[in-house]
Amino acid sequence: MSRWLYFRMALTNLRKNSKLYGPYLLTVIMVSGIFYIIGSVIRMVNDSTMKGKTTMETLLYLCLHVVFILSIIIIFYANSFVLKQRKKELGLYHILGLKKSQIARMMFWEVFLSALTGILGGIVSGAILSQLAFLGFLRLVHMEIALEFRIPLSAVALVLRTFPVIFAAVLLYDILAVGRTKPIELLKGSSKGEREPKVKWVWAVLGAVLLGAGYAAALRIEQPSDAMMVFFPAAILVMAGTYLLFMAGSIAVLKRMKKSERFYYKPSNFITVSGMIYRMKRNAAGLASICIFSTAVILTIASCLSIFLGEEDTLAGQFPRDLYGAAFLKTGEENPETRIQNLTEKHAEEYGLTIERPIGHLELSMPLVGSDGVYSYRLDGEEQDGKSLTAICTTGEFYQQMTGETLSLDDGEAVIWTKDGEYDSDSFVVEGISFQVTKTSSDKQKESKFAVGLPVVQKSMILVVKDMETVRKIQDACQQALKSAIGDEAEVVSTYYYFFDLSGTEGQIDRFYDTYQEAVPDFAFTSSIYEEREDFYGLYGSIVFIGIFMAAMFLTATVLIMYYKQITEGYDDKERFLIMQNVGLGEKEVKQTIRKQVLLVFFLPLLMAVIHMAVAYKALALMMQGFSMYNTDLFSWCLVMTAVVFGVIYFAVYWWTAKTYYKIVRR
């Protein structure tokens, strides 16, 4: 027997099964191409001189590992569908005389040719698109670097080291799957159905409980810190609940439809419902996967898009003016504004610059413990019935400058600012100093900049008092409480910020800032929007870039599952439709059945994804605040638009796959 016989057989099989292998190879090309592009961008970032490249590389490497895991899942998922549809063909080879070892040799060449085509196609397409991807990355991080067409060998080597290992595992899986199956089972493998499943109420109830627990955890989140810690465990509960409800709950729903004589005993409904009940266990897993991946696509794109579009708003919220100097003030120190202002103006004069729109802001951060409006200064590790928070004390003048709202406060009066605008008392007492709360404010659009110093990782509020003298009075009281508890070495420190703009050329401002810290050595620190913008864009741009590739992988998985699911359904339903047509079912009824199957079953994952997204909105909005993204209107708009666009894509893919399904069953 010619040693190239198995190679030719494999080549023929790939051509003959192009409807199965075509999407499979395109998927391999896409995931290996994405893997190459990320590896290439990592190499280009490493070779560049861009600021913050270490952080960017770390995030990109994290993305690379996630893409690797998703690649394994996607390739194995596609391979399982291909293998299932080819079991009858492989069983026929065995009946005709080929040993399983010979079939394994043929399968080796099939996997080898698929891997070779997919990996080389991925490298070539990745090499073509990597420059565009790197250009997009530079655009996201707002950097300009001269581009040269290059193919980093490290990226090529990364793909050649990784994907052959995945395909070796695929080959081993295929050989074991075929080797452990009897020939007669192989002949029936592609058309073998499952017995009509019973309603497993335990699993259905457990799924409802898990889904409800995940929803409840997400809806109870009140702080950004809670969102970051609770969201992912809640997501796991929702995913587990989704799978169980699709696998057990969907069977209960379909059987309920079956009991409705008015609905069930119509040709199209009868075929759709009975067919789905017959194979629901297998279908449910695919539908749940579509739901999870659809949710991931929408939330990932919406989050990254809102971060990208809101970059300047977020940066402006952190910097009410372009530059600032800050100094720590101990108890008893006075007139910090005069000292900081004089030093800054003197330094600006040296470079021919003028100070514009200055804002003086005294801030006291207080870790407190207490409840019902009465609080004391909290020592490290101290809690009182779990009622601990951080309060930032500032002045009414700063509130007015940041919000443009006139605020008149007398001695003993205060305004409480919280993210949700809620405060459960009409007074605020800290270390014996009492304030009447005249107003409770919240994170409205005009006030977003006012929250520049508000911690996002714990329960917190801002206490607005009359003037800096009142802030110092509170600082003195906290100082006395702290000294009484731990001794004279204790120190409560406030911070005076001096925000300002400069009038002058860009070169003058750069030279001013380069020597600003040295010119004011008694300052705690200095900063500028120009310096922070580079770090900010580098971090957030990397996150958006990663989000785009994550969304691409999730979308690939979604489309692939949808396509192979329709093909599988088509082959499973082909004989059944043929029988029904022979007894009088017309072409119109066939199309109507397909349409109802799509509406009743395949759009259910999209509906569930929208529900998941709606429940997750609050937690995600709070997580956005963890990235200093307070513009909830922008986030809501991005979420809605992403869902609409995804819905259009989803409908287009199902329209295309429904046509493929119809062609199969009509042959």
Side-chain angles (χ1 to χ4, degrees), residues 221-227 313-314 316-321 359-375 377-378 387-431 433-475 478 494-497 499 618 621-622 624-626 628-633:
I221 296 173
E222 298 294 339
Q223 299 294 326
S225 58
D226 296 333
D313 286 344
T314 303
Q318 296 179 357
F319 284 86
R321 299 293 185 265
I359 297 177
H361 165 40
L362 182 62
E363 177 181 295
L364 173 64
S365 180
M366 301 178 292
L368 302 177
V369 61
S371 60
D372 299 326
V374 180
Y375 299 95
Y377 197 85
R378 175 168 51 90
K387 301 292 186 179
S388 60
L389 59 86
T390 295
I392 295 179
C393 185
T394 187
T395 64
E397 182 184 3
F398 180 65
Y399 181 92
Q400 291 179 185
Q401 288 174 315
M402 298 308 298
T403 65
E405 180 180 344
T406 302
L407 187 66
S408 297
L409 290 173
D410 293 329
D411 293 334
E413 292 183 340
V415 168
I416 297 292
W417 191 101
T418 62
K419 287 185 173 65
D420 56 11
E422 295 182 1
Y423 180 67
D424 57 4
S425 177
D426 58 1
S427 64
F428 186 94
V429 181
V430 52
E431 292 298 342
I433 302 176
S434 179
F435 295 93
Q436 183 71 26
V437 177
T438 62
K439 177 184 175 183
T440 301
S441 183
S442 65
D443 189 18
K444 299 175 183 177
Q445 185 66 33
K446 71 174 183 177
E447 296 172 334
S448 61
K449 292 182 180 180
F450 177 63
V452 62
L454 189 64
V456 296
V457 294
Q458 54 190 317
K459 186 177 180 181
S460 51
M461 66 170 62
I462 296 179
L463 176 68
V464 184
V465 296
K466 179 181 178 181
D467 50 27
M468 284 193 283
E469 183 179 347
T470 307
V471 176
R472 294 193 188 100
K473 182 180 178 182
I474 297 173
Q475 182 179 355
C478 292
S494 60
T495 307
Y496 182 83
Y497 293 90
F499 298 99
K618 179 182 176 182
L622 289 171
M624 290 295 102
Q625 292 181 16
S628 299
M629 170 64 184
Y630 292 94
N631 193 340
T632 54
D633 291 340

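Fair warning: this is a prediction, and the values are worked out from it, not measured in the lab.
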What's the verdict on side-chain contact (heavy atoms from CB on, under 4.5 Å) for Tyr496 and Met468, showing C-alpha distance, side-chain angles and the deciding distance?
CA-CA 10 Å; Tyr496 182 83; Met468 284 193 283; 3.7 Å; yes
Identified side-chain contact (heavy atoms from CB on, under 4.5 Å) counterpart of Val465 within the set Ile474, Leu364, Ile433:
Ile474
4.5 Å side-chain heavy-atom contact, Arg472 and Ser494:
no
Heavy-atom side-chain contact between Phe428 and Leu368 under 4.5 Å
yes
Got more than 12 heavy atoms from elsewhere within 6.0 Å of CD, Gln436?
yes
For the atom pair CZ (Arg321) and NE2 (His361), what is the distance rounded to the nearest 0.5 Å?
12.5 Å
Heavy atoms, side chains only, cut-off 4.5 Å: are Tyr399 and Thr394 in contact?
no
Quick check on Lys473: does its NZ atom have over 12 non-hydrogen neighbours (other residues, nucleotides or ligands) under 6.0 Å away?
no
In the structure I gave you, are the side-chain heavy atoms of Asp411 and Lys466 within less than 4.5 Å of one another anywhere?
yes
Quick one: are Ile416 and Leu463 in side-chain contact, heavy atoms under 4.5 Å?
yes
Assess the side chains of Thr438 and Glu413: does a donor N or O sit below 3.5 Å from an acceptor N or O?
no
Between Gln400 and Ser408, what is the shortest heavy-atom contact and its length?
OE1-N, 4.3 Å
Side chains of Tyr377 and Pro367, heavy atoms from C-beta outward: is any pair under 4.5 Å?
yes
State whether the number of non-hydrogen atoms from other residues, nucleotides or ligands found under 6.0 Å of Glu397 atom CD is greater than 12.
no
Quick one: pull up CD1 in Ile359 and OH in Tyr497 and give me the separation to the nearest 0.5 Å.
14.0 Å
Kindly say whether Ile392 contributes a backbone atom to a donor-acceptor pair with the side chain of Glu363 at under 3.5 angstrom?
no
Is Asp372 close to Ser425 at the side-chain level, that is, under 4.5 Å between some pair of heavy atoms?
no
